[in-house]
Amino acid sequence: MAIGKEIRAKIGSIKNTQKITRAMEMVAASKMRKTKDLMQATRPYSKKMMQIIRHLAHANPEYKHPFLIQREVKRVGLIVISSDRGLCGGLNSNLFRKTLSQLIQWEKSGIQVDVCTVGYKAGGFFSNLKKPRLVGKTVKLIDTPHLDDVIEIIKIMLDSYHENVIDELYLVSNEFINTMIQRPSIYKLLPVSAVEIEEGLRGHWDYIYEPDAKEVLDYLLIRYIESIVYQGLVENNACEQAARMVAMKSASDNAGNLIKELQLIYNKARQAAITQEISEIVAGAAAV
Amino acid sequence: MTMTVHVDIVSAEKEIFSGLAEMVFAPAEMGEVGITPRHAPFLTKLNPGEVRVKVSDKESFPFFITGGILEVQPHLVTVLADTAIRAKDIDEAAALQAKALAEEALVERSEKMDYATAQAQLAVAVMQLRTLDRLRKRGE
């Protein structure tokens with residue numbers, strides 16, 4: 001029977017696609033569990049690090065580290081963390097949209113921008129843009145990233161901060177709220193500034209440093225930048241897998257609906273064909 | 001009632017201790033320090049060695065860290081360790097082996113390990129063994 005051949009072929013191809021999306025969903029779910037564990041494991045460290053740095057911003061060190069001094073802003077540095085692969089919903093495009101609106105604001109106030117990207121997606125996006133200068137990029141991150149992967153771009157940015165090329169440094173990445181929600185965020189890394197006054201830190205005070213302020217602060221601040229960027233990387237990874245899982249789930253569901261609809265059309269067509277055939281036979285018999 | 005201070009010990013991999021303590025001992029770069037509650041703000045690098053949290057006269061928790069940062073606020077002590085484990089979990093055989101390996105590398109100046117790494121590994125291994133020794137002497 002030649003009836004509905006096209007429809008059957010269509011149903012078959014959608015079923016195949018559904019198989020793929022379902023497999024990708026399951027892979028993403030298992031990877032998400034892994035990356036989420038890693039993210040939660042490293043979170044306390046970066047949280048504590050941020051806390052110490054906040055305390056430090058309230059202190060009045062006798063040694064003024066360049067990372068603690070506010071300068072007039074002429075050019076800012078941006079580290080953008082994205083995923084390597086697509087098919088993860090609006091994760092990357094949301095991030096880029098947020099970045100773009102910030103870029104426009106900067107442009108209005110006459111501030112220039114240097115960008116370092118992590119991941120293929122950000123690399124592709126920013127090399128197509130004219131305005132911000134792309135100064136470094138790194139790609140091919142695996143699911144368990146190492147600090148070594150980003151150390152190079154951190155160094156590029158810190159060097160240009162030391163040479164007064166950039167006056168502020170920001171980290172752009174996705175924040176993992178829960179499996180359904182990932183929020184793009186822009187976090188100011190440098191210079192370290194006191195945002196809110198914490199209880200008990202008012203007044204003029206300073207740390208006792210051992211061995212001396214310069215050595216401790218140098219070590220601590222580098223550590224701080226590294227740990228925050230690394231945390232951003234790990235968190236973005238978890239976001240990517242979560243977003244992909246959700247996107248693939250809705251793709252599988254969609255395919256299911258489509259198959260149902262097509263099956264209905266196919267059945268109707270078949271029914272109509274049979275009815276027609278019978279009435280033809282009956283009409284033929286009556287004529288004899 | 002004795003005074004206590006909140007202590008947090010985190011390593012790059014996980015949070016390893018969080019709670020109140022009477023005193024904290026840590027291997028600061030310029031020598032071991034003991035931190036009591038209401039200590040003045042203090043910031044230092046840590047060497048490999050034992051961090052001991054004294055919760056009460058009877059109870060204390062020893063940890064081994066491979067280095068890190070110590071921050072002290074009057075009401076808060078934070079140890080940011082590179083890696084940290086409970087002192088009881090130190091693998092003595094592995095430490096001995098690491099020590100032997102590092103010493104060998106230092107003597108031979110082999111190409112397998114460069115001098116700085118060998119020295120760092122030796123320091124960690126030696127401190128692990130010393131921590132275990134101290135643990136035994138205290139009868140834990």
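Each chain gets a letter, A, B and so on, in the order the sequences are listed, and its residues count up from 1.
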Given side chains that start at C-beta, do those of E13(B) and Y45(A) come closer than 4.5 Å, heavy atoms only? no
So which part of L70(B) gets closer than 4.5 Å to some heavy atom of chain A, the side chain, the backbone, both or neither? neither
Does any heavy atom of chain A fall under 4.5 Å from the side chain of E15(B), the backbone, both, or neither of them? both
Which portion of D212(A) sits near chain B, non-hydrogen atoms under 4.5 angstrom: neither
Value for CG (L43(B)) from CD1 (I208(A)), rounded to nearest 0.5 Å, stands at 10.5 Å
Counting heavy atoms not belonging to E175(A), are there more than 12 under 6.0 Å from its CD? yes
Region of Y219(A) that comes under 4.5 Å of a non-hydrogen atom in chain B: side chain
Any non-hydrogen side-chain atom of E71(B) less than 4.5 Å from a side-chain atom of H55(A)? yes
With chain B, which of A59(A), S227(A), P211(A) has the greatest number of heavy-atom pairs at distances under 4.5 Å? P211(A)
Quick one: what part of S18(B) sits under 4.5 Å from any heavy atom of chain A, side chain, backbone, both or neither? neither
Hey, what do you get for NZ (K45(B)) to CG (L220(A)), rounding to the nearest 0.5 Å? 10.5 Å
Close side-chain approach of E215(A) and E29(B), heavy atoms under 4.5 Å: yes
Measure the OG1-NZ distance between T78(B) and K47(A) for me, rounded to the nearest 0.5 Å. 14.5 Å
SB check D82(B) R223(A) (cutoff 4.0 Å): yes
Give the C-alpha distance, both sets of side-chain angles, the deciding distance and a yes or no for side-chain hydrogen bond (donor to acceptor under 3.5 Å, both in side chains) between Y207(A) and Q73(B). CA-CA 9 Å; Y207(A) 284 107; Q73(B) 289 284 344; 3.0 Å; yes
Applying a strict 4.5 Å limit to non-hydrogen atoms, the region of L80(B) in contact with chain A is both
Assess whether atom NZ of K188(A) is packed by more than 12 heavy atoms of other residues, nucleotides or ligands within 6.0 Å. yes
Tell me, side chain or backbone of L56(A) under 4.5 Å from chain B's heavy atoms, or both, or neither? side chain
NZ of K48(A) to CG of D8(B), rounded to nearest 0.5 Å, is 3.5 Å
Taking atom CZ of R71(A) as the centre, report whether more than 12 heavy atoms of other residues, nucleotides or ligands fall under 6.0 Å from it. yes
With a 6.0 Å cut-off (strictly less than), is the heavy-atom count around CD of Q119(B), excluding the residue itself, greater than 12? yes
